[in-house]
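First up is the structure itself, then whatever we jot down about it.
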Amino acid sequence: MGVNIRDLITVAKEVELESLCRRSIAIDAMNALYQFLAIIRQRDGTPLIDRRGNITSHLSGLFYRTVNLVEVGIKPVYVFDGPPVPLKQKTIEERERLREEAYRRWKLALQRGDLKEARKYAQAALHLTPEMIDEAKKLLTYMGIPYVDAKHDGEAQAAYMAAKGDVWATASQDYDSLLFGSPRLVRNLTISGRRKLPGRDEYIKIMPEIIELDKVLSSLGIDRRKLIMIGLLVGTDFNEGVKGIGPKTALGIVKKVDDIDDLFKYTRFKESPEIIKEVFKLFESPDVNKEYKLEWKRPNREKIIEFLCDEHDFSRERVEKAISRMEKAYDKFFAVKGLDAWLFG
DNA sequence: CTGTAGTA
DNA sequence: TACTACAGG
């Protein structure tokens, strides 16, 4: 999932969530929803479901996370993937294969009565359905939070918006948006500062971290074109990468080359040079949706309650409380100030 | 993941 | 007030 260049990022800066006040941030929606779906579960591993059996983990995560961001004054924009570019087909097929395998192993573990194994595979077996995505968009609309449909890759769209200055940063757990040219990436955009270490009863403190593209590049002594080449070498969602080459080796290689054609003299990709050049182009100047408008509105209390509580069995008390927090934050941070707004708004 | 009740 | 344990849908 995503380009693995974590080992090269030494300039991540931990910040308090509050320091992002009044900043607009483009959030990779699929990335977020998928994580909610995987993590928000009961002790036996089943996700949250409403009375008709629909999964609601993604809605719970999206709702409460967004309320928390708005409460500290952050202006979120959710960016959804569009149809994948043909080059991504292999990755999608591979994910589908892994999912089906996880599904089989889940059933087998259930037969054995191995709940721990079952839980592990249940997480890997699930996927975001078109219905879940529609519901997420519906909820955001009722909450007054803007979303953008990407032409293809959400990360590419978010990076474009950040590079253009329409949002202050992109947010994702993956590093792809840096390759796409986002000047600023926020990771761990979450409220709960604590995370349980797997297996043990230990907790570590998690804080949001900001990674600035120009600092990454200057710390490595390369430009963005070479960062993309590193991605090509270690592997992306669009190509496999060269076996045996990790981020460190890749850095050494790209420092010796002048351009993408030069790269083929040093190493052999599994894909043809033509394909690799296409993938390079895809990162350098991706096809994006330029027709979007970002507008934060006051949440629609009635619609949210009708949707979450009436349709999906959320607790009315909790939801009402969250909406009130959001309204307060909206008036404090987002509402248009000034005499006109006071008179006519 | 996040909210909330319970405990010190 | 801070921290833990558990439920949420």
Side-chain angles (χ1 to χ4, degrees), chain A residues 1 14-18 20 25 27-74 76 78 115-116 119-120 122-129 131-140 142-143 145 171-174 186-209 299 301 303-329:
Chain A
M1 287 287 216
E14 290 198 337
V15 296
E16 298 293 335
L17 195 66
E18 287 71 19
L20 305 174
I25 301 183
I27 300 172
D28 182 357
M30 302 297 197
N31 193 302
L33 292 177
Y34 191 83
Q35 289 194 349
F36 293 141
L37 215 49
I39 291 164
I40 303 180
R41 269 145 199 286
Q42 311 173 72
R43 329 213 125 261
D44 63 358
T46 55
L48 303 183
I49 47 173
D50 64 21
R51 121 198 63 170
R52 290 176 315 191
N54 303 308
I55 294 177
T56 53
S57 294
H58 59 303
L59 296 177
S60 177
L62 181 65
F63 179 62
Y64 291 115
R65 166 81 56 89
T66 305
V67 170
N68 281 327
L69 297 180
V70 168
E71 189 166 37
V72 298
I74 294 170
Y78 285 88
L115 289 180
K116 204 176 168 191
R119 178 170 183 165
K120 187 171 90 182
Q123 282 185 25
L126 52 84
H127 65 262
L128 278 172
T129 64
E131 290 73 29
M132 291 175 179
I133 291 164
D134 283 348
E135 286 171 330
K137 290 178 176 177
K138 206 176 191 183
L139 177 58
L140 289 170
Y142 297 155
M143 294 174 79
I145 302 299
S172 175
Q173 287 305 101
D174 294 342
V186 183
R187 299 183 76 244
N188 304 333
L189 189 64
T190 160
I191 194 83
S192 76
R194 285 170 2 134
R195 184 168 299 172
K196 196 175 181 300
L197 249 40
R200 267 177 297 197
D201 277 338
E202 272 183 80
Y203 290 85
I204 47 170
K205 192 168 190 210
I206 299 281
M207 283 171 67
E209 61 181 29
R301 177 176 287 267
K303 285 287 187 186
I304 294 172
I305 289 171
E306 183 187 317
F307 181 67
L308 288 182
C309 305
D310 298 347
E311 283 185 46
H312 292 294
D313 303 326
F314 277 58
S315 147
R316 217 183 172 91
E317 193 187 347
R318 283 189 182 201
V319 169
E320 296 235 29
K321 207 179 276 185
I323 296 169
S324 296
R325 284 199 283 138
M326 211 176 161
E327 286 173 343
K328 208 171 152 190

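Just so it is clear: chains get the letters A, B, ... in the order the sequence lines come, proteins before strands, and each one is counted from 1. Side chains are part of it too, since the values below use all heavy atoms of this structure and drop only hydrogens, waters and symmetry mates.
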Does the side chain of [X] get closer than 4.0 angstrom to OP1 or OP2 of [N] through an N or O atom?
X      : N     : value
A:R318 : C:dG8 : no
A:R325 : B:dG3 : yes
A:T190 : B:dT2 : yes
A:N68  : B:dC1 : no

Quick one: label A:Q42 by what it contacts on the DNA or RNA (base, sugar-phosphate, nothing), any heavy atom closer than 4.0 Å. base

Contact class for A:R51 (heavy atom, under 4.0 Å): base, sugar-phosphate, or nothing? nothing

I need the [atom1]-[atom2] distance between [X] and [N], as an integer number of Å.
X      : N     : atom1 : atom2 : value
A:L48  : C:dA7 : CG    : P     : 12 Å
A:Y64  : C:dA7 : OH    : C1'   : 11 Å
A:L189 : B:dC1 : CG    : C1'   : 13 Å
A:F314 : B:dT4 : CZ    : P     : 13 Å
A:L59  : C:dG8 : CG    : P     : 17 Å
A:I191 : B:dT4 : CD1   : P     : 13 Å
A:Q123 : B:dC1 : CD    : P     : 12 Å
A:R316 : B:dT4 : CZ    : C1'   : 20 Å

Quick one: which of C:dC6, C:dG9, B:dC1 gets closest to the side chain of A:I40? B:dC1

Picking from C:dA7, B:dC1, C:dG9, the nucleotide nearest the side-chain atoms of A:R65 would be B:dC1

After noting the C-alpha distance and the side-chain angles of A:R316 and A:D310, does the key distance pass the salt bridge (charged side-chain N to carboxylate O under 4.0 Å, His left out) rule? CA-CA 9 Å; A:R316 217 183 172 91; A:D310 298 347; 3.6 Å; yes

Within the structure provided, determine whether A:E14 and A:I206 are in side-chain contact (heavy-atom separation under 4.5 Å). no

Can you find a pair of side-chain heavy atoms, one from A:I145 and one from A:M326, that are under 4.5 Å apart? yes

Nearest non-hydrogen partners of A:Y78 and A:R65, listed with the distance: OH-CG, 4.5 Å

Ion pair check, A:K328 and A:E71, cut-off under 4.0 Å: no

